[in-house]
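So the structure is just underneath, and the comments pick up after that.
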Amino acid sequence: MKDYQKANFGSWQRNVKLLGNEEGGEPSEQSSGYGWGLVEMLCTSVLVQNPDMLCEGYSPSQDEGAKLMSGICNYDFDQMNMEQVGNMLIMDNFWAGYGAVIETVNSETEAKRFPGTEDGEEGAELLDLQQEYSAKRIPPKDILFDPQGTLLDLSDHRYIAIAFFPTIKEVQEDPVFEKHLPDKIEDYPESSTFDKGGREAMSPMKSLKGEMEPEYKTIQCWEIHDKIGEEIIYMTDFGNHELGRIPWPFKLKFGKRKLFPVTMLAFYPSPTGFYPKPLIDMISPQLNILYKLDNRMYTDTLTKWRKFVTWANIFEQDQLAKLSDPIPENAIMIADVDQLDDLAGTTEHGIPDLGNIIAPIKDPAPNQDVVAVRDIAMQEITDIIGFGAPGRGGMPKTRSAREAMAIREKLDNRMGKYISAITKFYEHFGQKHILILQQTMNVERYAKVLVEESSKIEAWKSYTKDDIAGTFHFIVYPG
């Protein structure tokens, strides 16, 4: 799976630099960051708030349950901050071609005694006090896919692997790993999500000998979701040592499709394999041209010679030093008027025109051809990916209302592809979220449910696992 990923992310590092006009990881002196402007424009055009989820039942008897489901999804999506997650996945689509998110369940437990037992006796049971459902973005480099899989919903993938970075102490204290710990795990190389390039990770939590303490030293591990065996396998990246296995915590099955708890967002699927095409790949020549032209325009605009030339042997060195001195007493005195008249081209004796004696050197100015070529590159970007510079049709005061509406309608039509992909993403995530709730919820939870549709009045309502049984359909209104 690693080799399959390496064969497909050759352009990722270049794309990240193109987003911000960076050379060697650092922004250039005249960095315009046009790529980040494209990311911001797409996010603000299709995703500015959490999506609205409308749940529908397949029969009239499910109407009340559908209202509850809608309230649950909208409230949980707000708690998960799905707007921010969606924005991060859109950003990943620019440089990697896809974004991935996994839903996790975190439980706070407490030991409760069985009825009739005394304190200290055996028979205590761990009961859930609180459950938190969260959506976590997976960095594109931290997820591996089945080389034989091709579908973006991962239904034809046999397995996937997700990287995580626990400390050595967390690995040693995990009850799933304690029976399969490798020898000398303390000597495993340090790794972190911020250090994927093989550089030494810097941390102040080192001993006097220069070694990282187990409480702070992180190692890279893999969480392999095996769909065939219906289990999760944990393995270290260094040495490929298996740490342990657990059964699948929940099953996500829609008809004949068997899915993972990972949901993908991609705009341009690949026609030959699985890895989708990054947006930057399609416009990298135009971005390179834009950055070169911008750097040239900024250089020409900001470069000021502030130099002057004059005839030789007219001013002494000390006089030249006083050329810009504003004090009247330090005015430059020139005695040989005849010589000045001859040099200035005058025929009459008198005070010559100093403008013909001292002349400024002309400062560089941006070439108009550069501006024209830049406009062509920006238009090509708009034609390729469907959106571009925010300055559409000039300033509002210089265009009519009808023209503004036509421009907006054209933009909405171009954005339809992206809106459709985002809608499908939230729909799939919502369906999986309800299935996960139905299989894992052990505590009473609350959600805001619409009481009166006409007045949009909402009220808090508690629910248990029995209240959310059944199958529902989702209609998504993306932000």
Side-chain angles (χ1 to χ4, degrees), residues 47 49-83 85-86 101-109 127-136 153-155 230 248-265 419-479:
L47 195 65
Q49 63 184 24
N50 285 320
D52 289 329
M53 307 290 290
L54 177 61
C55 187
E56 292 182 338
Y58 291 98
S59 65
S61 61
Q62 292 182 300
D63 288 346
E64 289 300 320
K67 287 184 179 180
L68 176 60
M69 288 293 188
S70 300
I72 291 172
C73 282
N74 287 322
Y75 178 73
D76 286 354
F77 274 32
D78 184 62
Q79 297 300 305
M80 294 178 183
N81 199 4
M82 290 302 294
E83 174 201 350
V85 173
V101 62
I102 184 171
E103 181 168 358
T104 60
V105 185
N106 300 319
S107 298
E108 181 182 346
T109 59
L127 299 180
D128 290 330
L129 293 178
Q130 185 178 2
Q131 288 179 310
E132 179 184 354
Y133 295 82
S134 59
K136 295 182 179 180
D153 64 358
L154 308 180
S155 58
E230 293 190 350
W248 272 22
F250 34 78
K251 298 180 180 180
L252 305 175
K253 193 171 183 180
F254 298 91
K256 294 184 179 180
R257 295 184 303 156
K258 200 174 182 181
L259 304 181
F260 298 97
V262 173
T263 308
M264 303 281 295
L265 172 63
I419 295 175
S420 177
I422 293 171
T423 299
K424 286 294 182 183
F425 164 76
Y426 282 124
E427 180 183 342
H428 293 163
F429 187 87
Q431 290 173 338
K432 292 179 183 179
H433 177 58
I434 292 300
L435 280 181
I436 293 173
L437 281 177
Q438 292 173 344
Q439 297 179 43
T440 63
M441 198 176 81
N442 296 323
V443 298
E444 187 179 47
R445 301 183 80 236
Y446 295 86
K448 279 188 174 181
V449 180
L450 191 65
V451 179
E452 285 189 34
E453 190 170 353
S454 59
S455 57
K456 302 297 182 181
I457 298 177
E458 294 181 331
W460 289 101
K461 183 175 181 180
S462 63
Y463 64 94
T464 62
K465 184 188 296 187
D466 297 334
D467 298 322
I468 57 174
T471 306
F472 298 87
H473 170 69
F474 286 95
I475 299 176
V476 181
Y477 299 95

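Excluded from the calculations below are hydrogen atoms, water molecules and symmetry mates; all remaining heavy atoms, backbone and side chain alike, are included.
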Val476 vs Met53 side-chain heavy atoms within contact, under 4.5 Å: yes
Minimum side-chain heavy-atom gap Leu435-Phe250 below 4.5 Å: no
Side-chain heavy atoms of Arg445 within contact of Tyr133, under 4.5 Å: yes
His433 side chain reached by Asp76 side chain, heavy atoms, under 4.5 Å: yes
Pair Lys461 + Asp467, salt bridge at N-O below 4.0 Å: no
Closest non-hydrogen atom pair, Leu265 against Ala421: CD1-O, 3.6 Å
Neighbour count >12 (heavy atoms, 6.0 Å) for atom NZ, Lys258: yes
N/O donor-acceptor pair under 3.5 Å between Tyr463 side chain and Ile72 backbone: no
Closest contact, heavy atoms only, Trp248 versus Leu259: CZ3-O, 4.1 Å
side-chain contact (heavy atoms from CB on, under 4.5 Å) involving Ile475 - partner list, sequence neighbours excluded: Leu54, Glu56, His473, Tyr477
With Phe77 via ring pair (Phe, Tyr, Trp, His ring centres under 6.0 Å) - residues at least two apart: Phe429
Residue pair Asn442 / Lys465, side-chain heavy-atom distance below 4.5 Å: yes
